[in-house]
Amino acid sequence: MKRALLLLWVLCGAASAAPYQVATRDDVFQDGPRTLTSRIYYPTTETGSPQLIGANPVFTGIQSQPDAPIANGRFPLIVISHGSGGNNSSQAWLAAALVQQGVVVVAANHPGSTTGDSIPARSAKLWLQTDDISALISAITADPHWAKAINHKAIGVIGHSKGGYSAIAIIGGRVRLTDFIRGCQQAPRSPNCQFYTRAKVDLGTLSTQQFDADYTDPRIRFAVALDPGMVPYLLPASLHQLSAPLLIVEPQRFEPDGQIPGLGGAALAKEAGQQPIHALRLPRGNHFDFTPLCQPNGRQILAEEEKDAEVLCASSNAQREWVHQQTVASILSFIHPWLPVHAENQ
């Protein structure tokens, strides 16, 4: 990771050069009973008038040219998987930065774990979100419009929080339901458990076979986990045998007030085996700084809507923007071998 950090200033400069403009297209993919309402972020060379995409009263959006022609070339494909209660715009800030460097990004609303449809009993079926990632890769690479623009040897995944766990699971990280049940009984208010314990979800009714299964997708060449969940439950033996390199970005703390310890993802680097596990531990920031910048009245709106929701906008935009910058730079360094100019060598 030292080499990666030395490249941060170079890649920050590269990002500012922005060889491509950002375009977006909304689509819906069906995977059995799961409807994946998706947004595809992709590079274009069109220089028309951009529109504001993904903004709402709480969070800011990005500038995009909807449905513009895709740029010529073959580009890496990255699936971004949001955290519990997030959506396909939660990491739009990151998607836009990747697109500017020549990456096609797809993000979906994960049913049962997305904005307006976040149900603890469904969200506890962690494997569903991991399966969504594979389904999105299959849908994009099978679609003639996108398949011709994708470098099938440069497919990756980035996830935040619960999506961060999914990013690790899809390259071979495994957990055991018995360990999770025991852990939530011992620490019901821990970040990994409180969403389920507060709703009195009976974790014992989950399928042990599906919870404990191996969800490795061999098409994935790299993975990034932003303050991932389920860290204490990932089996070291599975981390020793990951199928692709992993980068973990961990902020200083879980919540802005610092009362809850961090999720500890950076410690997984010591479990590296056949694939490297890189870890960047930020000296600032919190778990929610991986979501978009907040609108001026965002915190007040959240406080009025739901108890404890204002934590999503409790840190300053200056700090959040710094976390975004560090995250983008570290990811661009990590995926540098797969970016368009290098991808043909993979």
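On a predicted model such as this, the values are computed, not experimentally measured, just so you know. Note that these values count all heavy atoms, side chains included, but never hydrogens, waters or copies made by symmetry.
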key: Backbone of Arg122 reached by a side-chain donor or acceptor of Lys125 within 3.5 Å   = no

message = Can you confirm whether the side chains of Ser134 and Asp217 place a donor and an acceptor under 3.5 Å from each other?
response = yes

ask   = Are Val79 and Ile158 side-chain neighbours, meaning at least one heavy-atom pair lies under 4.5 Å?
value = no

ask   = Any side-chain donor-acceptor pair under 3.5 Å between Thr216 and Asp214?
value = yes

request  = Determine which pairs satisfy disulfide (SG to SG under 2.5 Å) with at least one residue from residues 133-217, sequence neighbours left out, and list them in order.
outcome  = Cys184-Cys193

message = Go through it in stages, so that I can follow the logic: the residues are Val106 and Ile80, the test is side-chain contact (heavy atoms from CB on, under 4.5 Å), and I'd like the CA-CA distance, side-chain angles, deciding distance and then a yes or no.
response = CA-CA 6 Å; Val106 58; Ile80 292 184; over 6 Å; no

request  = Under the salt bridge (charged side-chain N to carboxylate O under 4.0 Å, His left out) rule, collect the residues that match up with Asp143, sequence neighbours excluded.
outcome  = none

ask   = Taking Gln51 for the side chain and Gln63 for the main chain, is one N or O donor matched with an acceptor at less than 3.5 Å?
value = no

inquiry  = Hydrogens and angles aside, do Ser90 and His160 bring a side-chain donor and acceptor to less than 3.5 Å of each other?
reply    = no

query = Looking at residues at least two apart in the chain, or sitting in another chain, which of them share a side chain to side chain donor-acceptor pair (under 3.5 Å) with Ser64?
reply = Thr24

key: Main-chain N/O of Glu46 paired to Thr44 side chain as donor or acceptor, under 3.5 Å   = yes

message = Taking the ring of Phe290 and the ring of Trp93, is the distance between their centroids below 6.0 Å?
response = no

message = Tell me whether Thr114 contacts the main-chain N or O of Asp117 through its side chain, where contact means a donor paired with an acceptor under 3.5 Å.
response = no

inquiry  = Please say yes or no: joined through hydrophobic side-chain contacts below 4.5 Å, possibly via intermediate residues, are Leu293 and Phe59 part of one cluster?
reply    = no

ask   = If we only count heavy atoms from C-beta on, is the Ser243 to Pro218 side-chain gap below 4.5 Å?
value = no

query = Does His110 have any ring pair (Phe, Tyr, Trp, His ring centres under 6.0 Å) partners at least two apart in sequence or in another chain, and if so, which?
reply = His82

query = With distance as the sole test, does Thr197 use its side chain to make a donor-acceptor pair with the main-chain N or O of Pro188 at under 3.5 Å?
reply = yes

key: Trp338-Phe222 aromatic ring centre distance below 6.0 Å   = yes

task = Determine whether the aromatic ring centres of Tyr233 and Tyr165 lie less than 6.0 Å apart.
result = no

message = Tell me whether Ser333 contacts the main-chain N or O of Ala329 through its side chain, where contact means a donor paired with an acceptor under 3.5 Å.
response = no

key: Side chain Tyr20, main chain Val103, donor-acceptor under 3.5 Å   = no

task = Before giving the answer on side-chain contact (heavy atoms from CB on, under 4.5 Å), spell out for Leu235 and Asp179 the whole-Å C-alpha distance, their side-chain angles and the decisive distance to 0.1 Å.
result = CA-CA 10 Å; Leu235 301 175; Asp179 294 342; 3.9 Å; yes

ask   = Donor-acceptor pair, Arg74 side chain versus Ile150 backbone, under 3.5 Å?
value = yes

query = Okay, side chain of Gln295, backbone of Asn56: is any donor-acceptor separation there less than 3.5 Å?
reply = yes

request  = Check the hydrophobic clustering (I, L, V, M, F, W, Y; side-chain heavy atoms under 4.5 Å; chains of links allowed) and say if Tyr196 and Ile181 are grouped together.
outcome  = yes

message = Is it the case that the side chains of Gln21 and Thr47 hold a donor-acceptor pair, with the cut-off being a distance below 3.5 Å and no angle test?
response = no

task = Identify which one of Trp127, Phe211, Phe180 satisfies the side-chain contact (heavy atoms from CB on, under 4.5 Å) criterion when paired with Val175.
result = Phe211

task = Show the numbers, then the answer: is there a side-chain contact (heavy atoms from CB on, under 4.5 Å) between His240 and Glu271?
result = CA-CA 6 Å; His240 298 162; Glu271 304 295 349; 3.0 Å; yes

task = Please identify each residue that fulfils side chain to side chain donor-acceptor pair (under 3.5 Å) with Asp67, with sequence neighbours left out.
result = Arg25

request  = May I ask you to decide whether Asp132 forms a salt bridge with Arg34, counting only side-chain N to carboxylate O separations under 4.0 Å?
outcome  = yes

inquiry  = Please check if the number of heavy atoms outside Gln30 that lie under 6.0 Å from its CD is greater than 12.
reply    = yes

task = With sequence neighbours left out, write down each residue that passes salt bridge (charged side-chain N to carboxylate O under 4.0 Å, His left out) with Asp26, or none if nothing qualifies.
result = Arg39

key: Option passing side-chain hydrogen bond (donor to acceptor under 3.5 Å, both in side chains) with Asp289 (candidates Gln252, Gln326, His324, Arg320)   = Arg320

query = If you group Ile, Leu, Val, Met, Phe, Trp and Tyr by side-chain heavy-atom gaps below 4.5 Å, do Leu128 and Leu203 land in one group?
reply = yes

message = Could you check whether any side-chain N or O of Ser89 sits under 3.5 Å from a backbone N or O of Ala92, counting only pairs where one atom can act as donor and the other as acceptor?
response = no

